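Written out below as structure tokens is the structure these notes cover.
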Amino acid sequence: MNNAAAPRLLALWCPDWPVVAAVAAAGLPVTAAAAVFHGSRVVACSARARADGVSRGMRRREAQSRCPTLAVFGHDPDRDARHFEAVASAVETVAAGLEIVRPGLIALPVAGPARYAGSETALAEQLVDQVAALAGVESQVGIADGLFAATIAARLGRVVEPGGTRAFLEPLPLTELSQPGTDRTGLVSLLHRLGLWTLGDFAALAERDVAGRFPRDAILAHRLARGLSQRPPTRRTPPPELTVRRTFQDDPLDRIDAIAFAARAAGSELHVRLADRSLACTQLAIHATTETGEEHSRTWRASEPLTASGITDRVRWQCEGWLRRREDDRPSSGIVGLVLEPAETVSGGALQLSLPAAGVVPDADDRAARAIGRVQGLLGPDAVFTAVLGGGRGPAEQVRLVPWGDLPDDDGDPDAPWPGRLPAPSPATVPPEPWPAQVLGPSGAAVGWTARARLTELPDAVVVGAGPPRRVLNWAGPWPAVVTRIGPRGSRRVVRIQVALAPRRRDEADDALLLTGEIGRDGESVSWTVEGIYD
């Protein structure tokens with residue numbers, strides 16, 4: 001089954017971030033033995049505290065008995081978010097377009113920054129050094145396909161090769177599915193009772209079986225275990241009227257209490273606008289403008305749809321983080337403009353169809369989308385695909401099947417120049433597997449090509465499969481290209497030609513084929529296949 005690959009991402013993770021933020025706020029040295037408690041349980045502890053026997057989940061009395069010098073702090077998400085702005089600012093000096101997943105974890109697309117840095121490894125080293133120099137914080141970087149795998153890779157300090165994400169995830173325990181903010185302990189416990197212990201065990205299950213026997217969240221977890229992106233059931237492009245804009249010209253925001261009040265009002269308004277359209281926000285862009293014209297922007301990503309309080313918290317955290325930066329980096333004046341933009345939205349729940357009796361007929365596209373959604377619910381999220389045009393030279397490269405509701409991969413502009421690209425029109429039919437063929441010259445030998453992509457003989461006859469030779473009436477080409485998506489050997493050089501063949505019988509029309517040739521592993525033999533058929 002074809003599945004859309006997860007985007008390649010870099011995750012920067014700051015270990016024990018709640019403790020790091022608490023220690024920084026208290027003015028203690030980073031090497032202090034400290035722990036953050038939620039209720040009476042340890043939720044995070046420093047390396048020094050772990051060395052004395054303190055661990056997550058431990059009760060306060062036991063933790064203090066093992067480490068008498070333990071500094072105790074309460075759980076404070078506001079504190080964690082405010083202090084994390086320094087880390088985000090340090091990352092922005094190396095790479096733009098970052099997203100804060102949660103305080104302590106940043107994600108960003110790796111392709112552009114890696115090209116600028118020279119390699120993915122060089123980019124990771126630059127980010128770690130820059131965060132240490134500007135924010136005074138230790139961090140780890142991981143790179144993999146998809147945010148889930150990249151986050152785990154960051155904890156392990158790994159750079160996973162492209163295409164190797166599933167193999168990287170397979171030996172890991174199922175407990176990795178329970179990331180902060182996403183509690184899947186019930187699902188993990190159920191899978192353990194069924195005898196499944198690793199992500200590879202779970203990924204080996206058929207998607208149809210998972211969809212039919214487990215709750216909806218298990219389908220998303222199954223995609224993560226296979227190294228795919230966690231795709232919501234539906235994804236829509238947010239309309240511009242959802243954006244919330246607030247101005248504070250008369251009373252600029254330069255105090256924490258004023259920021260909290262403005263964040264609550266703006267966050268509630270955005271949530272109401274989304275709810276009116278049965279949408280929820282999973283990616284929130286926050287833009288602020290100061291009295292002196294300075295502009296600040298930050299994007300927050302959430303694993304689950306944001307509630308009204310979730311939107312409010314992130315706006316407050318971000319504005320407080322900007323105002324509490326170090327002296328030489330903070331805004332020089334108060335905030336006079338605030339813009340909340342839902343950069344990514346998902347369906348907020350099942351929508352009620354309009355009643356024709358009320359004089360409102362449901363839109364055909366909307367009804368079709370709902371029908372497709374029901375099919376996905378029965379057969380699995382990857383049972384319905386959309387054909388998407390992209391860049392490429394051959395027909396199989398230019399059209400990709402994307403699961404319904406997924407965002408298409410950015411694989412190049414189809415209108416950009418592609419040297420070696422076939423001229424229009426494209427073949428009407430592209431076989432799922434190319435058919436074997438032979439291209440023969442007037443001498444009866446197989447037609448090959450030179451290093452300059454010139455054919456060794458003019459095509460005289462073509463044999464498709466086990467059929468008889470058919471005379472070539474006309475031909476065009478060749479078009480040399482490098483193919484990187486077809487075949488187990490990775491990239492390979494091929495040539496393509498178009499041929500018009502004589503009909504088998506008098507009452508038949510001519511056949512026009514697109515043929516692809518490749519040099520064998522021995523460097524001498526030539527093999528041809530039928531890649532497309534023209535009407």
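These values consider heavy atoms only, across backbone and side chains, with no hydrogens, waters or symmetry-generated copies. Being a predicted model, the structure only gives us computed values, none of them experimental.
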Thr165 side-chain N/O to Asp145 backbone N/O, donor-acceptor pair under 3.5 Å = yes
Any side-chain heavy-atom pair of His192 and Leu174 under 4.5 Å = yes
Is a side-chain N or O of Trp475 found less than 3.5 angstrom from the main chain of Leu458, in a donor-acceptor match?
-> no
For Glu120, which residues count as a salt bridge (charged side-chain N to carboxylate O under 4.0 Å, His left out) partner, sequence neighbours excluded?
-> Arg8
Determine yes or no for a side-chain-to-main-chain donor-acceptor pair under 3.5 angstrom, with Asp201 supplying the side chain and Thr198 the backbone.
-> yes
Determine whether Pro113 and Leu108 make a side-chain contact, defined as any pair of heavy atoms from C-beta on separated by less than 4.5 Å.
-> yes
Which pair of non-hydrogen atoms, one from Ala218 and one from Val210, has the smallest distance, and what is that distance?
-> O-CG1, 3.9 Å
Under 3.5 Å, is there a donor-acceptor pair between the Glu207 and His222 side chains?
-> no
Those residues that, when tested against Thr93, pass side chain to side chain donor-acceptor pair (under 3.5 Å) (two or more places apart) = Gln130
Residues forming a side-chain contact (heavy atoms from CB on, under 4.5 Å) with Arg213, sequence neighbours excluded | Asp209
By side chain to side chain donor-acceptor pair (under 3.5 Å) - contacts of Trp300 (at least two apart) | Gln318
Which pair of heavy atoms, one from Val472 and one from Pro459, lies closest together, and at what distance?
-> CB-O, 3.8 Å
Straight-line distance of Ile106 CD1 to Cys14 SG, nearest 0.5 Å | 7.0 Å
With sequence neighbours excluded, what pairs up with Thr307 under the side chain to side chain donor-acceptor pair (under 3.5 Å) test?
-> Ser309
Residue pairs, two or more places apart or on separate chains, that pass side-chain hydrogen bond (donor to acceptor under 3.5 Å, both in side chains) and touch residues 429-449 | Ser443-Glu457
Nearest non-hydrogen partners of Ala461 and Pro469, listed with the distance | CB-CB, 4.4 Å
Between Arg158 (side chain) and Gly142 (backbone), is there a donor-acceptor pair under 3.5 Å?
-> no
Does Thr516 reach the main-chain N or O of Arg496 with its side chain, forming a donor-acceptor pair under 3.5 Å?
-> no
How far apart are the closest heavy atoms of Pro478 and Val495, and which atoms are they?
-> CB-CB, 4.3 Å
List the atom of Leu199, the atom of Pro173, and the distance in Å for their closest heavy-atom pair.
-> CG-O, 3.8 Å
Using salt bridge (charged side-chain N to carboxylate O under 4.0 Å, His left out) as the criterion, list what pairs up with Glu269, not counting sequence neighbours.
-> Arg246, Arg273
Listed partners of Asp460 passing salt bridge (charged side-chain N to carboxylate O under 4.0 Å, His left out), at least two apart | none
Under the ring-ring contact (aromatic ring centres under 6.0 Å, His included) test, residues paired with His271 that sit two or more places apart | none
Hey, could you give me the CG/OG distance between Asp129 and Ser139, rounded to the nearest 0.5 Å?
-> 8.5 Å
Expected output: side-chain Arg166 to main-chain Gly227 donor-acceptor under 3.5 Å = no
Compile the donor-acceptor pairs under 3.5 Å between side chains in residues 147-157 and protein atoms, sequence neighbours left out, one pair per line.
unit_1 : atom_1 : unit_2 : atom_2 : d
Thr151 : OG1    : Leu147 : O      : 2.8
Arg155 : NH2    : Glu176 : OE1    : 2.6
Arg155 : NH2    : Glu176 : OE2    : 2.8

What residues form a salt bridge (charged side-chain N to carboxylate O under 4.0 Å, His left out) with Arg454, not counting sequence neighbours?
-> none
For Ser297 and Glu92, work out which heavy atoms get closest and say how close.
-> O-OE2, 4.1 Å
Mind jotting down which residue pairs meet the ring-ring contact (aromatic ring centres under 6.0 Å, His included) criterion with at least one end in residues 99-126? Sequence neighbours excluded, please.
-> none
Test side-chain contact (heavy atoms from CB on, under 4.5 Å), reference Val447, set Leu440, Leu455, Leu515, output is Leu455
